Amino acid sequence: MKKRETLPILLKEQHILLIGGGNVALQKAEVLSENNISFSVISKEIHPKIKILCSDIQIKNFKTKDIQNTLIVIDATGNEKVTQKLLKYKRKHPLILNVVDQPKVCDFYFMALTKNAPLQIAVSSSGASPTVAKYFRDKCQALMPDNMETFLEALQAQRNKGIIEIEKTLEEIEKMTAKAYLVGCGLGDPELLTLKAYNIIKEVDVVLYDHLISDEIMAIVPKHTKKVFVGKEKGFHTKPQEEINRLIRKYIKKGYSVARLKSGDPFIFGRGAEELFYLSKKGINTEVIPGISSAVSGPLMANIPITARDYSNAFTVVTAHLKGNSINLDWIPMLKNRDHTVIVLMGLTRIKEIVQQAKSLNIEMDTPCAIVSNASRKNQTVLTTTLENLEEVSLGASRPSILVFGDVIHYTNRLKESQK
């Protein structure tokens, strides 16, 4: 049998008769009231909240003569006798009927409507599942920018003057709705994500991630979300930065919300600034979500305070890698001040050069240092040593790692001793 198709229409200035006064009737009354649809109610018993929503109420048993000139009727009684009366009446009289939870005898279904008047999207499951309809209604709702009403009013004013610019309108809609997120994912422990980062990861359509994003964080990405790996590992570039930028733009142009997941904080040696500049230049609305940087919290996870009275009164964060895979050793002279903590990101593979440069600058080889690997994760390791033995000790470390130099390492060693 051919499936009956439904036709979405909008009936203006219609009056509806709602039969029933219980919880189901209340749900329909709320929908009618929210959408400013005129309706009256007939039922022997009335829910108190319905009395607030409707002033035209008859407390009585329903009879077909109550329909009078009404064209649209909703049967929310759950009473088979009432339904049969209505179906019998309908054979001889014009009537558009909805019987709640009986889609086979319905002439129309209630749709889940978005709230963005004057622009509204109606979603229907043809009576099969209001829950599914509401779910996708909410998805549509989330796509609409807050200023849609003002935007439509401006378009209406143009239309009234005979001005219709389709391409320009589409460009403006794209700018209004497209949004990219540069999400700081912190150290790798999902419990250290900000609430905002967590919610965005759960809600966006597409996530772009690399090998620094932990499996635990990727596990909270919904199964239906598109996941695109754009990782860059030493010696192997899966995606150049320029291609990552273009990928973000490609998905944005398709109408998807996109989150670029960044380890740590997007703006601390994370190339987030480059991505933000590119997206802004392309007119794409972009929001940066801060994250916990390993530069500060990595040592903390290893009980290494980057500042502590009697040990360190300042700190500096540097990277051993520069653009084009060149090495950065300009910070080595800072190691002469051991009460100044130096945190080095991306330095594990450059330790040989770091030690050689330190020797050439006559840095004291007993300068304390530590290697913190996989901070906050289950496989976190902490190795403490001195500059003299750093190269040998580093052979037992894994990436991602941070290096910490300075007398604060003495604090950590004393802490360990006090815990024995």
Side-chain angles (χ1 to χ4, degrees), residues 111-117 119-125 129-149 151 172-231 239 244-267 270 272 275-276 278-280 282-293:
M111 293 191 177
L113 288 172
T114 60
K115 298 177 182 179
N116 300 73
L119 175 66
Q120 283 191 302
I121 296 176
V123 182
S124 172
S125 63
S129 174
T131 300
V132 171
K134 289 177 182 177
Y135 175 84
F136 285 100
R137 181 272 312 274
D138 292 342
K139 285 287 186 180
C140 292
Q141 182 82 45
L143 290 173
M144 296 186 189
D146 295 334
N147 58 342
M148 181 55 68
E149 185 170 353
F151 178 63
E172 290 177 357
I173 291 173
E174 183 178 306
K175 289 181 180 179
M176 289 170 61
T177 58
K179 188 161 188 179
Y181 299 91
L182 304 179
V183 182
C185 291
L187 302 173
D189 183 347
E191 293 187 348
L192 296 178
L193 288 170
T194 64
L195 285 174
K196 192 162 191 177
Y198 178 85
N199 289 331
I200 288 171
I201 290 171
K202 296 286 282 186
E203 293 171 3
V204 292
D205 302 308
V206 182
V207 297
L208 278 66
Y209 69 103
D210 55 43
H211 71 286
L212 293 175
I213 304 301
S214 69
D215 293 339
E216 291 82 1
I217 286 179
M218 288 306 299
I220 69 175
V221 179
K223 291 182 179 179
H224 63 265
T225 304
K226 185 174 182 62
K227 306 169 188 68
V228 182
F229 182 73
V230 293
K239 292 281 190 298
I244 294 174
N245 294 342
R246 289 194 293 269
L247 269 173
I248 298 174
R249 188 184 181 207
K250 182 185 84 169
Y251 287 115
I252 286 290
K253 291 187 74 174
K254 288 183 177 181
Y256 297 130
S257 55
V258 181
R260 169 69 166 110
L261 306 188
K262 312 285 290 184
S263 178
D265 183 273
F267 279 7
E275 291 168 350
L276 176 61
Y278 171 87
L279 296 170
S280 298
K282 297 298 181 181
I284 296 172
N285 185 17
T286 307
E287 183 175 354
V288 181
I289 312 302
I292 297 176
S293 173

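The structure displayed is predicted, hence computed values, not measured ones.
At a threshold of 4.5 Å between non-hydrogen side-chain atoms, the residues Val258 and Leu208 count as touching. Side-chain contact between Tyr209 and Arg260 is absent, with no heavy-atom pair separated by less than 4.5 Å. Within the 4.5 Å cutoff, no side-chain heavy atoms of Ser257 are placed close to those of Val206. At a threshold of 4.5 Å between non-hydrogen side-chain atoms, the residues Ile244 and Glu275 count as touching. In this structure, Ile292 and Asp265 have side chains that are not in contact, with every pair of non-hydrogen atoms separated by 4.5 Å or more. Under the 4.5 Å side-chain criterion, counting only non-hydrogen atoms from C-beta, Leu276 is in contact with Phe267. A 4.5 Å side-chain heavy-atom check between Val183 and Lys262 finds every atom pair outside the cut-off. Two residues are said to be in side-chain contact when any heavy atoms from C-beta on lie closer than 4.5 Å; Leu193 and Ile220 meet this criterion.
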field: Trace of the side-chain contact (heavy atoms from CB on, under 4.5 Å) decision for Cys185 with Ile201
entry: CA-CA 10 Å; Cys185 291; Ile201 290 171; 4.3 Å; yes
- request: Take Lys196 and Glu287, measure what salt bridge (Lys or Arg N to Asp or Glu O under 4.0 Å) needs, and give me the verdict at the end.
  value: CA-CA 11 Å; Lys196 192 162 191 177; Glu287 183 175 354; 2.4 Å; yes
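For Phe151, the CZ atom sits in a packed shell: over 12 heavy atoms of surrounding residues, nucleotides or ligands are nearer than 6.0 Å.
The two residues Leu279 and Ala180 have their closest heavy-atom pair at CD1-CB, 4.0 Å. Across Gly188 and Ser214, no two heavy atoms sit closer than the pair O-OG, 2.6 Å.
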